[in-house]
Amino acid sequence: MPATATRRSPLATAYRTHTCGELRDAHAGERVKLAGWVHAYRHQGKGLVFVDLRDRAGLTQVTFDMEDSPADVLEAGSKLRQEDAVSVEGIVRIKESPNPKLPTGKIEVVVESVEVLAKTAPPPLLPSDDDTLPSEEGRLTNRYLDLRRPAMQRILQVRHEVGAIAREYFHSIGFLEVETPILCKSTPEGALDFLVPSRMNPGQWYALPQSPQLFKQILMVAGCDRYFQITKCFRDEDLRADRQPEFTQIDLEMSFVTREDVMRAMEGFARKLWKNVLDVDVPELRRMTYREAMDTYGIDRPDLRYGLELVDVSDIARRTDFKVFTGALEKPRGVVKAIRVPGGSHVLTRKITDGYTEFVKTFGAGGVPVTKVVEGGKLEGGVAKFLEPLATDLIARMGAAPGDTILFGADTYSVVTKSLGELRQKVARDMKLLDAPSAPKWSFLWVVDFPMFEWDAETSRFFAMHHPFTAPSPEDVGRFMAADPREHDTVESIVSAGYDMVVNGSEIGGGSIRIHQQDVQKKVFHLLGISEEEAQAKFSFLLEALRFGAPPHGGIAFGLDRLVMHLAGVDNIRDVIAFPKTQTGADLMCDCPSPVDKAQLDELYIKSTFAG
RNA sequence: GGGGCGGUAGCUCAAUUGGUUAGAGUACCGGACUGUCGAUCCGGUGGUUGCGGGUUCGAGUCCCGUCCGCCUCGCCA
């Protein structure tokens, strides 16, 4: 082995001395071996062939030429095609004309020997072609080629780093990584379970965990003190761009803590993540109550990178003869709210605002009344004629200036909140508010003081907004213990000790302080209409555990997939998962789910009732 | 369960009002080229227009059904 001027690569193997991303001009003159895939090749005649060799780490140009490469090597080099796997050995040389686009662009490797490790079949997807990305279907079917793309390799790298940072950080502040079962008892969380039949217990079933919630609480009772795990969770619900049936949580729980302790630990984690991955400094997180978030942003996970706040104008609207407004205000919990879009009249054409009416219809609203603010404190266009006598008050309330557009929502509180909350985000995109150079890149906040219970009129009962083990906020414990389930408004006003971390309008983590006292837990079940028997049948093991000196405890779970989406700057959850499912829950590469032999079902005592 | 968009060469796309032999780029194959780096130039192979049915003299195009993918409402504490 010749002496080398530079440090041996940690990725060196029998097939390579370095990766394709690490050679620099300092390596000039060294004998090296590289292994990877042919990313691109350029023939310059019979005597000169350039090949860009790619591995996980990057690209390096390797050169076959008739003066420096043996004839048979040059011949072999000229036959290389995209995605062949090869290993080459040669001398690092400074390029005559450097390529500033590549970190390795100052050098090339002059090939003295080449080994074709594996010729490729015709690839259905070319990792070197980033401009014409194949369909989602093609990418998922040929995932091994899709993942070869440098963009995907980078995301895998980010995801790995998030996991590594999590382990390092939580270890450093005393967390124990503990594994919890994948074969579980079906628990009372809101989503549908994936079920697994038990061969040894005919007719009985395991469920895959929707989260390790109960186990981590039991670990606290068990004296674990601080538990942490990166773990898969399973929910059999319809998918979205940010939802998969199996997803990964960074899950943790802490003993002898208040809300503040958990939130401080988690902020530290977020800060470290953003610093280490993106070199972004995360400031101290502001807090917002659930009520404020819903009132002002129409959503429990507001994106604070732009304004467009919802403003209650019910009192002004009441003084109009506009039936849309007055009619809405006659409804129970009727309200009229407005969004001021600065400079909107230049961008939001009639066509666009007509589209808003269609848009809000999907959320149950009737439409979006619109007006524009013009010079002289006047309104023009849309519903202006109904508002003219009130223009001054409205403009003052909205802080509006000429050129602004005002969008209205008039209906019940929940419809206005939902529809304007969604519309606010759409308007921000249409106005390109996030593309402005002055726009903040990151918006972090905690949303706190969630209601513990929500009344569901259809089933005439309360639902736990978080889960039934969430403790009431310390300030509300008294009111909670005294609450009468028949007094809906009182029950709905009780605030929990829960907290959600929100980044750029996406919930990336949520948790709560849990109930550790039996009488409090019983009261929750009572309010939820869960009988003693039902509670015992569903989670007696947790209730049993809580009898034996349970410490005050609380925790949080971060959605790893969504974290990586933000850190990698992608808008689709499939891109941050190596082997994701389609919207119908299929894995196109494995071709599953798929039928199984009848014998396999017999062994499990299962008979399908599916007629198809 | 509902709404929307899409499926044409290995890949990405085009194809006028329903009308000639369904085209282009790229990949691949062959040729030219000694400094390229999105190489260039010349030539070539490559098609069950997702699938099934219908209307029509004639269907990639229109109609019905169906499958698949994506976005979304409901759903997902």
Side-chain angles (χ1 to χ4, degrees), chain A residues 39-52 59-69 74 78-79 81-83 93 95-102 104-105 108 110 120-142 145-146 187-193 210-211 213 233-245 247 300 358-364 418-419 422 426 450-454 462-470 496 498 500 507 510-512 528 557 559 571-572 574 581-584 586 588 591 612:
Chain A
H39 187 75
Y41 63 89
R42 295 173 291 279
H43 288 185
Q44 299 297 313
K46 287 204 158 46
L48 181 62
V49 175
F50 301 109
V51 170
D52 291 335
L59 289 176
T60 299
Q61 175 168 300
V62 302
T63 303
F64 302 78
D65 76 56
M66 61 195 304
E67 281 128 40
D68 304 288
S69 307
L74 176 58
S78 71
K79 287 183 178 156
R81 292 297 179 266
Q82 293 187 39
E83 300 312 314
R93 181 165 72 185
K95 286 173 74 171
E96 289 177 19
S97 46
N99 180 359
K101 290 179 192 164
L102 291 181
T104 61
E108 63 187 348
V110 185
T120 181
L125 185 162
L126 282 176
S128 55
D129 191 348
D130 256 351
D131 298 333
T132 57
L133 201 58
S135 66
E136 193 75 22
E137 210 170 342
R139 293 177 57 199
L140 294 176
T141 307
N142 306 285
L145 292 176
D146 188 39
T187 54
E189 290 154 302
L192 296 172
D193 282 325
Q210 294 182 25
S211 77
Q213 181 62 36
C233 303
F234 305 86
R235 294 176 194 176
D236 189 7
E237 294 291 342
D238 286 1
L239 306 182
R240 288 288 186 281
D242 61 352
R243 274 196 243 156
Q244 282 273 302
F247 59 99
D300 62 358
E358 290 311 304
F359 179 74
V360 298
K361 279 181 181 169
T362 61
F363 306 104
K418 175 73 177 167
S419 56
E422 295 294 331
K426 188 176 177 63
F450 290 86
M452 280 189 76
F453 305 99
E454 269 181 316
F462 286 108
F463 277 89
M465 194 155 176
H466 192 50
H467 56 58
F469 315 110
T470 301
S496 81
D500 279 1
E507 182 205 323
S512 63
L528 290 174
D571 56 12
N572 194 296
R574 290 181 303 277
K581 306 274 191 287
T582 67
Q583 198 158 56
T584 53
L588 298 181
D591 188 27

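Side-chain atoms are counted along with the backbone in the values below, which use heavy atoms only and exclude waters and symmetry mates. Below, read A as the first sequence line, B as the second, and so on, with proteins coming before strands; counting in each chain starts at 1.
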Atom-to-atom span, NZ of A/K418 to C1' of B/rG74 - whole angstrom: 10 Å
Annotated protein contacts, base or backbone, on nucleotides 29-42 of chain B with a non-hydrogen cut-off under 4.0 Å, one of B, S, - each: S--SBBBBBBB---
Nucleotide B/rG50, atom C1' - distance to CG of A/L588 in whole Å: 14 Å
Pairwise 5' ranking along RNA chain B for A/R574 and A/D238, keeping only the more 5' one: A/R574
d(CG, A/D571; P, B/rC71) in whole Å: 9 Å
A/F247 six-ring centre to A/R235 NZ/CZ under 6.0 Å and within 45° of normal: no
B/rG3 versus B/rA39 - spacing of their C1' atoms, nearest Å: 48 Å
Gap in Å between the two P atoms, one belonging to B/rC28 and one to B/rG54, rounded: 42 Å
Donor-acceptor pair present, A/R240 side chain and B/rG74 base, under 3.5 Å: yes
Touch class at under 4.0 angstrom, heavy-atom based, for A/L125 against every strand present: nothing
Rounded distance (Å) that lies between atom C1' of B/rA27 and atom CG of A/L145: 13 Å
Aromatic plane relationship, A/F469 with A/H467 - under 30° parallel, 30 to 60° tilted, over 60° perpendicular: tilted
B/rG19 and B/rC75, which share atom name P, separated by this distance in whole Å: 46 Å
Donor/acceptor link under 3.5 angstrom from A/R235 side chain onto base of B/rC76: no
Separation of B/rC71 P from A/Q583 CD (nearest whole Å): 5 Å
Counter-base of B/rG58, judged by Watson-Crick or G-U geometry with both distances under 3.5 Å: none
Residue A/L140, side-chain atoms from C-beta onward, closest of B/rC28, B/rC70, B/rU12: B/rC70
Phosphate-side-chain proximity, A/S135 and B/rC11, N/O vs OP1/OP2 below 4.0 Å: no
Within 6.0 Å of CG in A/D130, more than 12 heavy atoms from elsewhere: yes
Touch class at under 4.0 angstrom, heavy-atom based, for A/P134 against every strand present: sugar-phosphate
Candidate pair A/L48 and A/F64, rule side chain to side chain contact (heavy atoms under 4.5 Å, CB included), full reasoning: CA-CA 6 Å; A/L48 181 62; A/F64 302 78; over 6 Å; no
Length of the CZ-P vector between A/F363 and B/rG3, whole Å: 17 Å
Interatomic distance at C1', B/rA32 relative to B/rG23, whole Å: 27 Å
Sugar-phosphate only, base, or nothing, as touched by A/T470 at under 4.0 Å among non-hydrogen atoms: nothing
Residue-phosphate contact under 4.0 Å: A/N572 side-chain N/O, B/rC71 OP1/OP2: yes
A/D146 side-chain N/O to A/N142 backbone N/O, donor-acceptor pair under 3.5 Å: no
Atom-to-atom span, CG of A/D242 to C1' of B/rU72 - whole angstrom: 12 Å
Distance between P atoms of B/rC11 and B/rU16 (Å, rounded): 23 Å
Integer-rounded Å distance: B/rC75 C1' and A/F463 CZ: 12 Å
RNA chain B: 5'-proximal contact among A/L126 and A/G138 (nearest heavy atom): A/G138
Span that lies between the P atom of B/rC71 and that of B/rG58, in whole angstrom: 41 Å
P-based separation of B/rG30 from B/rA14 [nearest Å]: 32 Å
Base B/rC70 paired with A/R139 side chain (donor-acceptor, <3.5 Å): no
Inter-nucleotide P distance (B/rU20, B/rG2), Å rounded: 38 Å
Sidechain-backbone polar pair: A/Q244 side chain, A/L239 backbone, donor-acceptor under 3.5 Å: no
Sugar-phosphate only, base, or nothing, as touched by A/L59 at under 4.0 Å among non-hydrogen atoms: nothing
Under 4.0 angstrom between A/T582 side-chain N/O and B/rG69 OP1 or OP2: yes
